[in-house]
Amino acid sequence: MPITVPSLALSTGATIPAMGYGVYMMSSEEVREYLPQALELGYTHIDTANAYFNEVAVGEVIRGAGVAREQLFITSKLFPQSYPYDRCTADIDATLERMGLDYLDLLLLHQPYGDYVHGWRAMEEALRAGKVRAIGLSNFPIHKIAQVMEVAEIAPQVLQVEINPYWNQHALKRELASMGLGDIVFEGWYPLGHGDKALLADPVLAEIAAAHDKTTAQVALRWSIQEGNVVFPKASNLEHMRQNIDIFDFELADNEMARINALPQRPYYEVPEEPPAFVLVENDYTEQA
Ligand SMILES: NC(=O)c1ccc[n+]([C@@H]2O[C@H](COP(=O)([O-])OP(=O)(O)OC[C@H]3O[C@@H](n4cnc5c(N)ncnc54)[C@H](OP(=O)(O)O)[C@@H]3O)[C@@H](O)[C@H]2O)c1
């Protein structure tokens, strides 16, 4: 039986499934192999990006899956080359065309570099035109979110950043709330520390996992859900895919949440102020099988 995943409310009035399936670093072949299995297990929310070079394969799988479009929640993201206003509009259309979709449920500016202020205006236009149903930012620090807010007519509904038990983002959440953006929905990438063995063997997580007869990965994901975040672990192993969605039949107690929130905090990846080399590469997204 597919597992039913609870949803969170977006400020647009739409809802977003709290658990998704991330396809970062998956080739098109891997997407064609693993995504149908994920859909069968009950994953309905898929997180891709133009820079993942697998939008064609994601679109093909979901169109062929026999699942009604409105039952799915599809996110993509734009890399900074796409941010100048006219190019942004054209690249949103190109993503829709590559995926064979009439609309995306969520579109994010993927990286906080380049002409993101004009990119945001193009995203607002796409939202008004119904090409996307929600818009947001990924990896933006507070001062760059403030720059976007200076021109924004529509505030971001989602912020996708690293979140895991070792980087809980409480400080950023407090700062956003103080800017009047307390209703933004947080999505966590690296929910399992990118598979970090130390995180998956953390003694606090292991003790709590044993008490609930769950794995440390399940406890890390459940913690993030109870923190109010959306999570999308990436898994290519079927047992991992099964485990990761099987976290809605138990609850962490307040003292267990507090113990996890007391773990030492350090991000796996520090988003640099200036664009790193991988962001400056001129990608050709038409090169996809
Ligand atoms: N916006 C951004 O800049 C950004 C950056 C990074 C990631 N993301 C998004 O976040 C998603 C997840 O990130 P990620 O893949 O880097 O990290 P992750 O989900 O934290 O970790 C994935 C790793 O954990 C392993 N794993 C998965 N489930 C497991 C389980 N139950 N027990 C033990 N190991 C398990 C996977 O192995 P197997 O594959 O063998 O199952 C894989 O090696 C991406 O797919 C992407 O959608 C976004």
Side-chain angles (χ1 to χ4, degrees), residues 3 16-27 29-31 33-35 37-38 41 43 45-55 57-58 73-80 104-113 116 135-141 144 156 158-169 172 185-202 205-206 209 212 214-225 229-247 267-272 275-276 278-279:
I3 288 177
I16 181 169
M19 155 80 58
Y21 186 68
V23 295
Y24 173 50
M25 292 175 85
M26 273 194 203
S27 67
E29 293 69 37
E30 288 171 318
V31 165
E33 182 178 350
Y34 305 131
L35 186 50
Q37 299 173 0
L41 288 169
Y43 291 88
H45 172 180
I46 295 134
D47 181 86
T48 185
N50 62 0
Y52 296 173
F53 290 91
N54 55 25
E55 287 179 321
V58 169
F73 190 100
I74 312 297
T75 298
S76 194
K77 320 185 193 78
L78 297 172
F79 233 41
L104 288 169
D105 295 279
L106 173 64
L107 183 66
L108 305 173
L109 296 181
H110 199 158
Q111 297 285 348
Y113 310 111
Y116 47 81
I135 52 178
L137 303 170
S138 175
N139 297 312
F140 277 60
K144 293 185 180 179
V158 169
L159 180 63
Q160 184 178 115
V161 286
E162 178 184 336
I163 307 178
N164 50 60
Y166 293 166
W167 195 234
N168 60 31
Q169 296 285 9
L172 183 57
V185 169
F186 272 70
E187 294 186 332
W189 56 257
Y190 277 18
L192 302 173
H194 200 49
D196 177 26
K197 289 195 170 41
L199 176 70
L200 294 170
D202 184 282
L205 297 183
H212 290 277
K214 291 285 179 181
T215 67
T216 51
Q218 288 172 312
V219 168
L221 297 172
R222 180 71 209 183
W223 162 84
S224 198
I225 293 278
N229 305 316
V230 171
V231 286
F232 31 80
K234 175 249 165 186
S236 43
N237 171 304
L238 189 57
E239 182 45 36
H240 289 164
M241 286 159 66
R242 265 203 202 101
Q243 254 186 42
N244 295 348
I245 199 170
D246 184 19
I247 59 165
Y268 283 93
Y269 176 72
E270 219 148 327
V271 178
F278 76 90
V279 166

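All ligand and atom numbering here is 1-based and tracks the order in the structure.
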Atom 20 (O) of ligand 1: nearest protein contact (heavy atom, Å): Leu192 N, 2.7 Å

Region of Ser138 engaging ligand 1 - heavy atom pairs below 4.0 Å: side chain

Glu239 CD: over 12 foreign heavy atoms closer than 6.0 Å: yes

Within reach of ligand 1, part of Met241 (heavy-atom separation under 4.0 Å): neither

Protein residue, atom and distance nearest to atom 47 (O) of ligand 1, heavy-atom basis: Asp47 OD2, 2.7 Å

Proximity of Phe140 and Tyr116 rings by center, below 6.0 Å: yes

Heteroatom distance test (Pro233, ligand 1): nitrogen or oxygen, under 3.5 angstrom: no

Test item: side-chain donor near acceptor, Asp202 and Thr216, under 3.5 Å: no

Whether Tyr268 and Tyr190 hold their rings parallel, tilted or perpendicular, with breakpoints at 30° and 60°: perpendicular

Gln160, any N or O under 3.5 Å of ligand 1 N or O: yes

Part of Val23 within contact of ligand 1 (heavy atoms, under 4.0 Å): backbone

Test item: His240 side-chain N/O and Ala235 main-chain N/O as donor-acceptor pair under 3.5 Å: no

Contact with ligand 1 for Thr215, non-hydrogen, under 4.0 angstrom: no

Aromatic ring proximity, centroids under 6.0 angstrom, His110 and Tyr52: yes

Heavy-atom nearest option to atom 9 (C) of ligand 1, drawn from Phe232, Tyr269, Tyr34, Tyr190: Phe232

Distance from atom 28 (N) of ligand 1 to nearest protein heavy atom, with residue and atom: Asn244 ND2, 3.0 Å

Asn168-Trp223 side chain donor-acceptor pair, cut-off 3.5 Å: no

Heavy atom of the protein closest to atom 3 (O) of ligand 1 (residue, atom name, distance): Asn139 ND2, 2.8 Å

Polar atom proximity, Gly195 to ligand 1 (N or O, under 3.5 Å): yes

Atoms of ligand 1, numbered as shown, that sit under 4.0 Å from any heavy atom of Ala217: 30 (C), 31 (N), 32 (N)

Which atom of Asn244 lies closest to which atom of Ala217, heavy atoms considered: OD1-CB, 4.4 Å

Heavy-atom nearest neighbour of atom 40 (O) of ligand 1 within options Ser236, Gly188, Ala51: Ser236

Atom 8 (N) of ligand 1 [closest protein heavy-atom partner, distance rounded to 0.1 Å]: Trp189 CB, 3.3 Å

Flag for Glu30-Ser236: side-chain donor and acceptor within less than 3.5 Å: no

Nearest neighbour in protein (non-hydrogen) for atom 14 (P) of ligand 1: His194 ND1, 3.5 Å

Nearest neighbour in protein (non-hydrogen) for atom 44 (C) of ligand 1: Tyr24 CB, 3.1 Å

Parallel, tilted or perpendicular: ring planes of His194 versus Tyr24, cut at 30 and 60 degrees: tilted

Tyr21 touching ligand 1 at heavy-atom level, < 4.0 angstrom: no

Passing option when Gln160 is tested against Asp47, Thr75, Asn229 for side-chain hydrogen bond (donor to acceptor under 3.5 Å, both in side chains): Asp47

Residue portion contacting ligand 1 (non-hydrogen atoms closer than 4.0 Å) for Leu200: side chain

Within-4.5 Å side-chain heavy-atom neighbours: His45 and Ile16: yes

Among Arg242, Glu30, His240, closest by any non-hydrogen atom to atom 37 (O) of ligand 1: His240

Pick from Lys197, Lys234, Lys77: the one approaching atom 36 (C) of ligand 1 most closely through a non-hydrogen atom: Lys234

Where ligand 1 meets Gly22 - atom numbers and elements under 4.0 angstrom, heavy-atom basis: 45 (O), 47 (O)

Donor-acceptor contact below 3.5 Å, side chain Lys234 vs main chain Tyr21: no

